[in-house]
Amino acid sequence: MRPILATVSLNALRHNLAVVRKYAPRSKAMAVVKANGYGHGLINVAHGLSAADGFAVLGINEAVDLRDAGFQQSILLLEGVFSAQELSVVSSLGLNIVIHSQQQLTMLEAAALNKPVHVHLKMNSGMNRLGFQPEAFAHAYERLKACKNVADITLMTHFATADDATGIEQPFNLFKTATQGLNLPISLANSATILRHPQAHADWVRPGIMLYGASPVGDATAASYGLTPVMQLTSEIIGVQEIKAGATVGYGNRFTATKPTRVGIVACGYADGYPRHAGLVNSDPASGAPIAVAGKLTNTLGRVSMDMLFCDLSDIPEANIGSPVELWGKQVPVDAVAAASDTVGYELLCAVAPRVPMKVID
Ligand SMILES: *Cc1c(COP(=O)(O)O)cnc(C)c1O
């Protein structure tokens, strides 16, 4: 069998949830498990995070899968429902829905449901993605309060700049002003807010990326927050080439050896989810992306192919065909590969391809 493997650690998930509790000890934690648990497998991560107070997903199918697997916690649909039929499922499964638009509000008012549903009323605090404008928020709340299909209401917003120097002060103030006098549970904080803005922890926090052991911010590592990587993406060396100075590597000759170089070929490519441009976006593309072979750090060479990539074995003479490779995980933070690819750890984790076998360990 092709040696690539994604190993998912339930223990690391439990550890990272404990880190959330440490940072936000007075808040309930709604674990965000959208995008197939950020690429780790929805049900896998739900088992690792079974101590969470709730789960947040996008599609109703994910909520059904969680209930089928026996999870009784609150489950929030982060984009709400897309049709009136979905509202019946929400009602019978006891789900929690975001209401972010007039259309969703009207749909809820018009529905005939067996049981009222739990609602997160979302305010647009400046991200200008989903949610009611601050000046429309109170009116939306009044309509929900009067609606027979509503069991209870939580107030929420989502910050666009919790992860950078801009911070959250302005949108947080907007939210506080728009919700003044409403004595209801509040949900505001993604991972960056949990780690950097304790004043906005509120009643519920919504951690995503930190649960998977990656950093939500560019200027601090996951390890510096005490987080542990959940996924280890590994493979093996399947070929070795000894090349002379002046020889090139891979499609487009994007790496030229300046000295005799021992090149390892790894069974992992962009069809596995490894970014094609890894290592080629920095000012010095010869530096590559970090990778570990036989337990030693080295770097990728040239352009990533569909099924394979290249790495430098010149300083790892013991490495040969069959040597273990870590693409990311314990030795190589996914965030370091992301930085060498001009993206974020979120994107790499979510993009791990279905053809990569996944192994769950405790
Ligand atoms: C994805 C998402 C989160 C989690 O964000 P992280 O940065 O991964 O912690 C929280 N809230 C909402 C509304 C989201 O869409």
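Note that ligands are numbered from 1 as they come in the structure, with each ligand's atoms numbered from 1 the same way.
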Listing, residues 187-195 side-chain donor-acceptor contacts under 3.5 Å, not counting sequence neighbours, or none:
from   : atom 1 : to     : atom 2 : distance (Å)
Ser187 : OG     : Arg206 : NH1    : 2.8
Asn190 : OD1    : Thr193 : N      : 3.1
Asn190 : OD1    : Thr193 : OG1    : 2.7
Ser191 : OG     : Gly208 : N      : 3.2
Ser191 : OG     : Ile209 : N      : 3.4
Ser191 : OG     : Met210 : N      : 3.2

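Looking at Leu78 next to ligand 1, no N or O pair under 3.5 Å apart turns up.
Taking every heavy atom of Tyr38 and a limit of under 4.0 angstrom, the matching atoms of ligand 1 come to 1 (C), 4 (C), 5 (O), 6 (P), 8 (O). Which parts of ligand 1 touch Ser191 is read off a 4.0 Å heavy-atom cut-off, strictly below it: atoms 6 (P), 9 (O).
Ring to ring, Phe310 and Phe255 are not that close: their centroids are 6.0 angstrom or more apart.
Using the six-membered ring where Trp is involved, Tyr225 and Tyr23 have ring planes that are perpendicular, over 60° apart on the 30 and 60° scheme.
When non-hydrogen atoms are compared, ligand 1 lies under 4.0 Å from the backbone of Arg206 as well as from its side chain. Residue-level proximity to ligand 1 for Ile209 is carried by backbone and side chain together, each with a heavy atom below 4.0 angstrom.
Shortest contact from atom 7 (O) of ligand 1 to any protein heavy atom: Tyr346 OH, 2.6 Å.
Checking Asn128 against Asn124 by side-chain atom types alone, a donor-acceptor pair falls below 3.5 Å. Side-chain contact, Thr161 with Thr166: no donor N or O sits under 3.5 Å from an acceptor N or O.
Just one of Asp219, Asp164, Asp163 meets the salt bridge (Lys or Arg N to Asp or Glu O under 4.0 Å) condition when paired with Arg196; it is Asp219.
With distances taken over non-hydrogen atoms, the option nearest atom 14 (C) of ligand 1 out of Lys34, Met127, Met30, Lys122 is Lys34.
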